[in-house]
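For reference, the structure is listed below as structure tokens.
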2 protein chains.
Amino acid sequence: MSKCEQCIVKQFNSLKHLSREELKRVSACKTSKIIKKGKPLFEEGDRINGVFCIKDGVCKVSKMSENGRNQIISLIKKGDIIGERSLISDEPANLTAIALDDMEVCFIPKEEIIKDLEKNPGFTMSVLKDMANTLKKADNVIVDMAQKTVKQRLAETLIRLKDKFDVTDDGIINLQLSREDFANIVGTATESAIRLLSDFKKRGLVEFKGKEFKILDTKSLEKIAQGF
Amino acid sequence: MSKCEQCIVKQFNSLKHLSREELKRVSACKTSKIIKKGKPLFEEGDRINGVFCIKDGVCKVSKMSENGRNQIISLIKKGDIIGERSLISDEPANLTAIALDDMEVCFIPKEEIIKDLEKNPGFTMSVLKDMANTLKKADNVIVDMAQKTVKQRLAETLIRLKDKFDVTDDGIINLQLSREDFANIVGTATESAIRLLSDFKKRGLVEFKGKEFKILDTKSLEKIAQGF
DNA sequence: TAAAAAAACTGACATATATCATATTTTAGA
DNA sequence: TCTAAAATATGATATATGTCAGTTTTTTTA
């Protein structure tokens with residue numbers, strides 16, 4: 001099994017603040033897992049008892065509403081850490097995480113992370129900063145959900161996806177989303193998402209080939225996102 | 001000026017984890033302020049450079065959307081602390097806080113809080129827990145905003161307000177919200193909020209006398225919030 | 001207290017979006 | 001490869017909600 005000390009992925013998250021010693025201890029107690037596309041990392045109500053460090057792949061993090069509809073809260077990719085929240089507040093998971101492609105993740109048990117949080121202020125501060133940032137983004141999403149139209153939100157989503165995920169030379173975004181996933185990110189009915197995406201396609205703003213897609217006209221999408 | 005060591009308000013927030021010594025230092029550098037109803041504690045883009053501890057009163061925390069409409073993200077009351085986020089991420093405020101009644105607040109400068117975060121793991125952990133909790137709530141709000149109807153959200157809002165704020169013997173909730181405020185919490189047009197509130201009133205679920213209001217039928221409101 | 005301004009309210013109407021039904025295409029499984 | 005199932009697509013229709021316009025009530029201020 002690979003060692004945390006040598007793992008590039010940690011550069012992208014709070015674990016980079018751990019000392020060599022601390023990393024060795026983490027490495028010794030971590031476990032590696034392969035999560036197949038469509039399978040859950042964890043589900044609402046699970047006691048996670050640790051955090052996941054994403055080595056490769058993408059997952060969608062979602063929650064069921066009382067209406068029985070699913071809402072995707074965020075997409076998590078290589079380098080991200082997930083599960084800190086339930087660990088910190090010592091509660092079962094509030095969200096469900098499902099792999100969008102085959103994933104490689106490392107699981108670090110709770111006790112180890114808690115130990116580091118207690119002993120390494122730099123690490124704690126980094127986790128704190130991370131959370132402050134997530135919270136800021138969440139607030140912005142609330143505003144968008146409450147005040148923007150579905151079309152605006154969909155346009156914005158497309159732009160954000162392009163910025164967040166890798167793009168191949170010919171512009172294809174490295175991400176496998178179903179139309180239902182799009183709908184569940186934006187918070188609309190699948191049919192509405194399909195209609196709007198077709199419309200964007202017709203207008204030459206995006207290109208879809210099955211689930212592969214690329215952004216053709218960012219400027220126009222930005223304008224739509226702003227309400228024009 | 002009153003001393004933090006003797007202040008009851010700190011019992012309700014992370015400051016309770018500070019030692020007597022630390023509290024004395026905080027007390028020595030804090031400043032007290034009176035914020036008049038309708039006046040801002042801070043506004044989007046301000047560099048706050050510290051945190052506010054709310055000694056008395058309520059404020060609304062909101063953000064402008066690109067559409068030019070205002071969204072209230074949360075209501076902050078006695079005992080709450082606000083401003084930690086910009087402090088931690090060292091960024092200008094992302095939100096605006098405006099007093100809903102006359103407020104009494106203490107301002108603690110950034111350096112003092114940073115010092116405590118560095119030296120007192122219990123305090124840091126408490127701030128971390130607080131933030132994890134806020135984040136969980138934010139996620140739930142996102143789901144509601146995305147998936148519930150305006151009517152559902154308004155019903156839910158009413159219930160939450162009753163639970164969060166003091167209620168007099170005759171059931172009146174100690175909170176001064178305009179119809180526009182209600183609309184901006186729920187994320188709808190003022191007219192729509194007015195219409196739905198009148199409807200709830202007609203059906204005997206709430207009672208309004210000007211801005212004073214009380215919940216008459218929590219059970220029914222809960223059912224509406226769940227979509228019935 | 002009167003006048004002006006702001007807030008609350010009501011109605012008419014437009015429209016974005018959900019829902020339901022059905023057709024077509026793609027994917028997965030035997 | 002064939003079949004069944006799932007995903008995508010499209011149309012018709014219903015409905016929730018936004019917008020605009022105007023009235024009434026409340027609050028502010030001169």
Side-chain angles (χ1 to χ4, degrees), chain A residues 36-39 60 65-71 98 100-102 144-157 175-203 206-213 224-225 227-228, chain B residues 36-39 60 65-71 98 100-101 144-157 175-202 206-213 224-225 227-228:
Chain A
K36 282 280 175 192
K37 180 176 175 172
K39 299 289 175 201
K60 56 179 175 183
S65 84
E66 278 178 307
N67 292 14
R69 302 158 114 236
N70 215 261
Q71 180 63 33
I98 291 177
L100 285 175
D101 47 24
D102 291 352
D144 286 353
M145 285 293 178
Q147 304 285 5
K148 291 192 169 178
T149 65
V150 172
K151 186 184 277 188
Q152 286 181 286
R153 283 181 262 149
L154 185 60
E156 195 165 322
T157 297
L175 185 63
Q176 294 279 321
L177 289 178
S178 68
R179 303 303 142 105
E180 195 182 354
D181 287 332
F182 274 105
N184 292 348
I185 292 172
V186 168
T188 189
T190 306
E191 296 94 322
S192 300
I194 289 173
R195 265 184 255 270
L196 287 169
L197 284 174
S198 315
D199 180 52
F200 288 172
K201 209 163 77 181
K202 247 180 246 154
R203 290 158 68 183
V206 282
E207 190 181 310
F208 270 88
K209 260 188 215 153
K211 273 170 192 159
E212 286 190 341
F213 69 102
I224 292 172
F228 299 105
Chain B
K36 282 282 176 191
K37 179 175 176 173
K39 298 290 175 201
K60 56 179 175 183
S65 85
E66 278 178 306
N67 293 14
R69 302 158 115 234
N70 214 261
Q71 179 64 32
I98 291 178
L100 285 174
D101 47 23
D144 285 353
M145 284 294 177
Q147 305 286 5
K148 291 192 170 179
T149 64
V150 172
K151 187 184 276 189
Q152 286 182 288
R153 284 181 262 149
L154 185 61
E156 195 164 322
T157 298
L175 185 64
Q176 294 278 321
L177 290 178
S178 68
R179 301 304 142 106
E180 196 183 354
D181 287 333
F182 274 105
N184 292 349
I185 292 172
V186 167
T188 190
T190 307
E191 296 94 321
S192 299
I194 289 173
R195 267 184 254 270
L196 286 168
L197 284 175
S198 314
D199 180 52
F200 287 173
K201 208 162 80 180
K202 249 180 243 151
V206 281
E207 190 181 310
F208 270 88
K209 260 190 215 151
K211 274 171 190 158
E212 286 192 339
F213 69 102
I224 291 171
F228 299 105

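Remember, it's a predicted structure, so these values are computed and weren't measured experimentally. Here is how names work: the chains are called A, B, and so on, in the same order as the sequence lines, proteins then strands, and each is numbered from 1.
The side-chain heavy atoms of B:Ile185 and B:Leu177, taken from C-beta on, include a pair separated by under 4.5 Å. Under the 4.5 Å side-chain criterion, counting only non-hydrogen atoms from C-beta, B:Phe213 is not in contact with B:Lys201. The shortest side-chain heavy-atom distance between B:Phe208 and B:Val206 falls under the 4.5 Å cut-off.
The NZ atom of A:Lys148 sits 18 Å away from the C1' atom of C:dT17 (whole-angstrom rounding). Here D:dT24 presents its P atom at 16 Å from CD1 of B:Ile194, a figure rounded to the nearest Å. Spacing between atom CG of B:Leu154 and atom P of D:dA16 amounts to 15 Å, rounded to whole angstrom units. Taking atom CZ of B:Phe200 as the reference point, atom P of C:dC9 lies 14 Å away to the nearest angstrom. As a whole-Å value, the separation of B:Leu196 CG from D:dA16 P is 10 Å. Protein atom CD of B:Glu212 is 14 Å distant from nucleotide atom P of D:dT26, rounded to whole Å. One interatomic measurement links the two molecules: NZ of A:Lys209 to C1' of D:dT8, which rounds to 18 Å at whole-angstrom precision. What separates CG of B:Asp199 from P of C:dG11 is a distance of 13 Å, to the nearest Å.
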Polar atom pairs between nucleotides 23-30 of chain C and protein, under 3.5 Å, N or O only, would you list them?
none

Which atom pairs link the protein and nucleotides 19-23 of chain D when you take only N or O atoms and keep those under 3.5 Å?
from	atom 1	to	atom 2	distance (Å)
D:dT19	OP2	B:Arg69	NH2	3.3
D:dT19	O4	B:Arg195	NH2	3.0
D:dC20	N4	B:Glu191	OE2	3.2

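Not a single donor-acceptor pair under 3.5 Å links the side chain of A:Ser192 to the backbone N or O of A:Thr188. In this structure a side-chain-to-backbone donor-acceptor pair under 3.5 Å is present from B:Asp181 to B:Ser178. With hydrogens and angles disregarded, a donor-acceptor distance shorter than 3.5 Å links the side chain of A:Asp102 to the backbone of A:Lys37.
Near DNA chain C, meaning a heavy atom under 4.0 Å from it, residues 177-186 of chain A has no residue at all.
Taken to the nearest 0.5 Å, the CZ atom of B:Arg179 stands 12.0 Å off from the CG atom of B:Leu196. Between the OG1 atom in B:Thr157 and the CG atom in B:Leu154 there is a gap of 6.0 Å [rounded to 0.5 Å]. If you take CD on B:Gln176 and CG on B:Leu100, they are separated by 8.5 Å, rounding to the nearest 0.5 Å.
B:Lys209 pairs by the salt bridge (Lys or Arg N to Asp or Glu O under 4.0 Å) definition with nothing, not counting sequence neighbours.
Taking the C1' atoms of five terminal pairs at each end of the helix from C:dT1-D:dA30 to C:dA30-D:dT1, the two resulting helix axes are inclined by 50°, rounded to 10°.
The cationic group of A:Arg195 does not satisfy the cation-pi geometry with A:Phe200, failing either the under 6.0 Å distance to the six-membered ring centre or the 45° limit from the ring axis.
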Test salt bridge (charged side-chain N to carboxylate O under 4.0 Å, His left out) applied to A:Asp199 and A:Arg203, step by step
CA-CA 6 Å; A:Asp199 180 52; A:Arg203 290 158 68 183; 3.0 Å; yes
Show me the donor-acceptor pairs, under 3.5 Å and distance only, between side chains in residues 146-153 of chain A and residues at least two apart or in other chains.
from	atom 1	to	atom 2	distance (Å)
A:Gln147	OE1	B:Arg69	NH1	2.7
A:Gln147	NE2	B:Asn70	O	2.9
A:Gln147	NE2	B:Gln71	OE1	2.9
A:Lys148	NZ	A:Glu156	OE1	2.7
A:Lys148	NZ	A:Ala225	O	3.3
A:Lys148	NZ	B:Glu66	OE1	2.4
A:Thr149	OG1	A:Gln152	N	3.2
A:Gln152	OE1	A:Thr149	N	3.0
A:Gln152	OE1	B:Asn67	ND2	3.2
A:Gln152	NE2	A:Ala225	O	3.1
A:Gln152	NE2	B:Asn67	OD1	2.9
A:Arg153	NE	A:Lys148	O	3.3
A:Arg153	NH1	A:Val186	O	2.4
A:Arg153	NH2	A:Lys148	O	3.4

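The nearest pair of heavy atoms linking B:Thr190 to B:Ala183 is CA-CB, 3.6 Å.
OP1 or OP2 of C:dC9 has not a single side-chain nitrogen or oxygen of B:Ser198 nearer than 4.0 Å.
Heavy atoms of A:Thr190 sit nowhere under 4.0 angstrom from any nucleic acid atom.
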